[in-house]
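Every chain is numbered from 1, with letters handed out A, B, ... down the list of sequences. Note that these values count all heavy atoms, side chains included, but never hydrogens, waters or copies made by symmetry.
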Amino acid sequence: MLDLRKIQENKEKITELLARKGYSADFDPILKADEERRKFLGEAEKLKAERNKVSASIPALKKEGKPVDGIFAEMRTLGEKIAELDEKAKAAENKAYELLSVMPNVPDEDLLAGEKENNKVIKVFGKMPEFDFPLKNHVDLCTDLKLIDYARGTKLSGGGFWIYRGQGARLEWALLNFFISEHLKDGYEFILPPHQLGYNCGFGAGQFPKFSDEVYWLDVAEDRTKNRFMLPTAETALVNMYAGEILDESSLPLKFFAYTPCYRKEAGSYRAEERGMIRGHQFNKVEMVQYAHPEKSREAFEELVGKACSLMEKLGLHFRLSKLAAGDCSASMARTYDIEVYIPSMGIYKEVSSVSNANDYQARRNNTRFKNLKTGKTEFVHTLNGSGLATSRVFPAIIEQFQNKDGSVTIPKVLRPFMGGETVLKP
RNA sequence: GGAAAGGUAUCGAAGUGGUUGUAACGAGCCGCACUCGAAAUGCGGUUGUCGGUAUCCCCGGCACAUGGGUUCGAAUCCCAUCCUUUCCGCCA
């Protein structure tokens, strides 16, 4: 949610920043509705003040035995006028809110305008793997090594689902446990949230109403706002934990991570080259979230980026870090860096982590605040999130980047303790 | 799913149609006093939000789970919804 006051003060600037996201904003209907709201509100409040004054004098009048019936009749008419003005003010407010709630977040000023093509690679990690033998893709490797059962996954649930089996399940679990152990070392609190969330969570995270068709709904109620959906990322849960609450300033930053599967329709995004587990309807992810003091949120962002990179480095993978252009950041986010791992068989880099700062956009939507002791005011916190990490791209990257001539795959050192000391995946 | 009780501020909790949302009382927190210092004690302060060209005070509106209703007037009465606790039922 954008700040209406900032729009009033700085309409041109915000319009320009949103244009970098490819969004053409028209604030005039919102500002007009808000002006209307204030007009009606002012009129209603004047009448209410009068009513309150009269009401307060009633007991005294009664005590003195003076007649009050005439006053009551007058007040009844006044009450009707008030109700009418209240209704008008409410209607104007709802209109402004509705228009405002579908607007995306403004990007940070240092972001380039435009889409993907303007993303900038900031840093490349590790060496591009080289193979002196014909390399296999991860689908073949996973099948030959009996790590993933694609065919039977489809049998159970249709396209976009697979089954981790034996050593494959173990590798997946080892990855998750490795991530968890690293986050625990950094002092983040481990969260296991519900996987079914209410509409308010989707709204608060800024994913609804726009993207409400891209999640799986549990059809227990006709009205979506009373229904639950399967979470598309743990962010949707973590970012709403303190909705409506006022946090202690001294408790900031709050640092969490959660493991959940992520359930997504990914409608229409299937492409032939994305075979195997690159894009599924259900994938495992460990998600990091911070609630930060507005003055410290840039620091928090760097910390999350650093953590995601460090996980990848410890796995020994070749990957790169990109700063996204304004138009490639999702609607809720003011700033996003992607970590992309190299998939040798595809010859391209695929996202394994997306680290974002929503600034106060999400906090405004779900009303998460803290008391600023310096100013004595309540302010919105900044929320940040980042994958740390999603396994569905890391797993294939490991399988492909660490494959050997004999068809085996070398297990990264940091994962071995979580796999009973095994060093190689062999057929 | 059935029954009962309940939802008031940072927390516990009182208030069950009137002049009082800082809303008794207690705790917490902040300040001051006492003290070498601390504890104890005493005094004072301590909700959020919207609006009034109003980041200092000021004036006004609103908020006692949420949404409606009754009334001149609602934390208080009525209806609906949500949630919590306890008991019972169900439980791959």
Side-chain angles (χ1 to χ4, degrees), chain A residues 1-11 30-97 100 156 193-204 218 220-228 240-252 254 291 294-295 360 363-381:
Chain A
M1 189 76 65
L2 299 178
D3 183 353
L4 191 58
R5 276 211 191 124
K6 278 195 188 141
I7 295 171
Q8 282 164 347
E9 288 163 11
N10 225 337
K11 193 170 81 173
I30 297 176
L31 293 174
K32 204 181 135 206
D34 184 60
E35 201 177 304
E36 236 169 65
R37 171 190 144 254
R38 291 205 313 271
K39 195 187 94 191
F40 291 129
L41 196 66
E43 288 173 26
E45 286 183 359
K46 227 183 264 171
L47 298 184
K48 280 180 190 173
E50 192 185 329
R51 179 173 69 186
N52 288 343
K53 220 187 260 175
V54 174
S55 270
S57 69
I58 298 280
L61 291 177
K62 273 192 171 171
K63 214 180 261 177
E64 292 165 30
K66 289 184 179 159
V68 288
D69 289 355
I71 299 178
F72 285 175
E74 238 172 79
M75 287 298 106
R76 192 174 301 141
T77 328
L78 190 70
E80 280 161 16
K81 272 189 213 159
I82 289 172
E84 200 179 304
L85 287 166
D86 272 346
E87 213 168 290
K88 282 183 184 166
K90 187 77 194 161
E93 184 181 353
N94 287 344
K95 190 177 169 196
Y97 186 84
L100 202 57
L156 296 184
H195 297 181
Q196 303 178 11
L197 303 175
Y199 183 92
N200 54 306
C201 292
F203 183 87
L218 302 159
V220 292
E222 296 258 319
D223 180 2
R224 269 191 179 166
T225 61
K226 293 193 171 118
N227 207 340
R228 289 191 303 271
N240 284 293
M241 287 195 345
Y242 294 91
E245 297 189 35
I246 298 176
L247 300 166
D248 256 344
E249 186 176 22
S250 61
S251 72
L252 300 177
L254 294 169
Y291 291 72
E295 286 165 21
D360 64 0
R364 266 178 203 286
R365 290 175 84 89
N366 65 20
N367 203 23
T368 306
R369 295 171 296 170
F370 72 99
K371 183 123 186 164
N372 188 324
L373 294 177
K374 243 185 279 170
T375 61
K377 298 271 178 197
T378 50
E379 290 179 36
F380 292 102
V381 298

Quiz item: Looking at side-chain heavy atoms only, is the closest gap between A:L31 and A:K11 below 4.5 Å?
Solution: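 SC-SC contact between A:L31 and A:K11 confirmed.
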Quiz item: Does the side chain of A:L254 reach to within under 4.5 Å of the side chain of A:M241, using non-hydrogen atoms?
Solution: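 No, every pair of side-chain atoms sits at 4.5 Å or beyond.
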Interface polar pairs with nucleotides 52-59 of chain B, N/O, under 3.5 angstrom:
| residue | atom | partner | partner atom | Å |
| --- | --- | --- | --- | --- |
| B:rG52 | OP1 | A:R38 | NE | 3.4 |

Length of the [atom1]-[atom2] vector between [X] and [N], whole Å:
X	N	atom1	atom2	answer
A:E245	B:rG48	CD	C1'	14 Å
A:L47	B:rG61	CG	P	12 Å
A:L4	B:rC50	CG	C1'	12 Å
A:N200	B:rG67	CG	C1'	16 Å
A:N367	B:rU49	CG	C1'	10 Å
A:E379	B:rU49	CD	P	11 Å
A:R37	B:rU49	CZ	P	14 Å

Kindly give the atom pairs (protein nitrogen or oxygen, nucleotide nitrogen or oxygen) under 3.5 Å for nucleotides 90-92 of chain B.
none

Inter-nucleotide [atom1] distance ([N], [M]), Å rounded:
N	M	atom1	answer
B:rG89	B:rU16	P	39 Å
B:rC82	B:rU66	C1'	7 Å
B:rA74	B:rG6	P	24 Å
B:rA5	B:rA80	P	15 Å
B:rU41	B:rU55	P	40 Å
B:rG28	B:rC11	P	15 Å
B:rG15	B:rC88	C1'	34 Å
B:rA24	B:rU86	P	30 Å

Quiz prompt | Verdict with supporting geometry, A:F40 and A:E87, side-chain contact (heavy atoms from CB on, under 4.5 Å) | solution = CA-CA 9 Å; A:F40 291 129; A:E87 213 168 290; over 6 Å; no
How far apart are the closest heavy atoms of [X] and [Y], and which atoms are they?
X	Y	result
A:M75	A:R51	SD-CA, 4.2 Å
A:Y242	A:L247	CD2-CD2, 3.4 Å
A:A96	A:D34	CB-N, 4.5 Å
A:G204	A:N366	CA-CB, 4.0 Å
A:A33	A:A92	O-CB, 3.5 Å
A:V381	A:R369	CG1-C, 4.1 Å

Quiz item: Which sits closer to the 5' end of RNA chain B, A:K90 or A:R51, going by the nucleotide each is nearest to?
Solution: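 The 5'-side residue here is A:K90.
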Self-check item: RNA chain B: 5'-proximal contact among A:I246 and A:E45 (nearest heavy atom)
Solution: A:I246
Self-check item: Qualifying residues under ring pair (Phe, Tyr, Trp, His ring centres under 6.0 Å), relative to A:F380, sequence neighbours excluded
Solution: none
I need the [X] [atom1] to [Y] [atom2] distance, nearest 0.5 Å.
X	Y	atom1	atom2	answer
A:E45	A:D86	CD	CG	9.0 Å
A:I58	A:L61	CD1	CG	6.0 Å
A:L100	A:L4	CG	CG	6.0 Å

Quiz prompt | Stems formed with participation of RNA chain B [Watson-Crick or G-U wobble, under 3.5 Å, three or more pairs] | solution = B:1-7 with B:82-88, B:10-12 with B:25-27, B:28-33 with B:41-46, B:47-52 with B:58-63, B:65-69 with B:77-81
Quiz item: Under 4.0 Å: is that the gap between some side-chain N or O of A:R369 and OP1 or OP2 of B:rG48?
Solution: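 For A:R369, the contact criterion (side-chain N or O under 4.0 Å from OP1 or OP2 of B:rG48) is not met.
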Closest nucleotide among [options] to the [X] side chain:
X	options	value
A:N52	B:rC62, B:rG51, B:rG48	B:rC62
A:A49	B:rG48, B:rG60, B:rG51	B:rG60
A:I58	B:rC72, B:rC50, B:rU49	B:rC72
A:S55	B:rC72, B:rG48, B:rC50	B:rC72

Exercise. Go through the structure and list residues passing side chain to side chain contact (heavy atoms under 4.5 Å, CB included) with A:E50, not counting sequence neighbours.
Key: A:L47, A:L78
Practice problem: For A:R365 and A:F203, indicate whether the former's side chain and the latter's backbone hold a donor-acceptor pair under 3.5 Å. | Solution: yes
Self-check item: Residues A:E379, A:D360; criterion side-chain contact (heavy atoms from CB on, under 4.5 Å); working and verdict
Solution: CA-CA 9 Å; A:E379 290 179 36; A:D360 64 0; over 6 Å; no
Practice problem: Please work out which residues in residues 71-86 of chain A have a non-hydrogen atom less than 4.0 Å from an atom of RNA chain B and list them by number. | Solution: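 Listed by number, they are A:F72, A:M75, A:R76.
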Quiz item: Does B:rU66 sit syn or anti, given that only angles within 90° of 0 count as syn?
Solution: anti
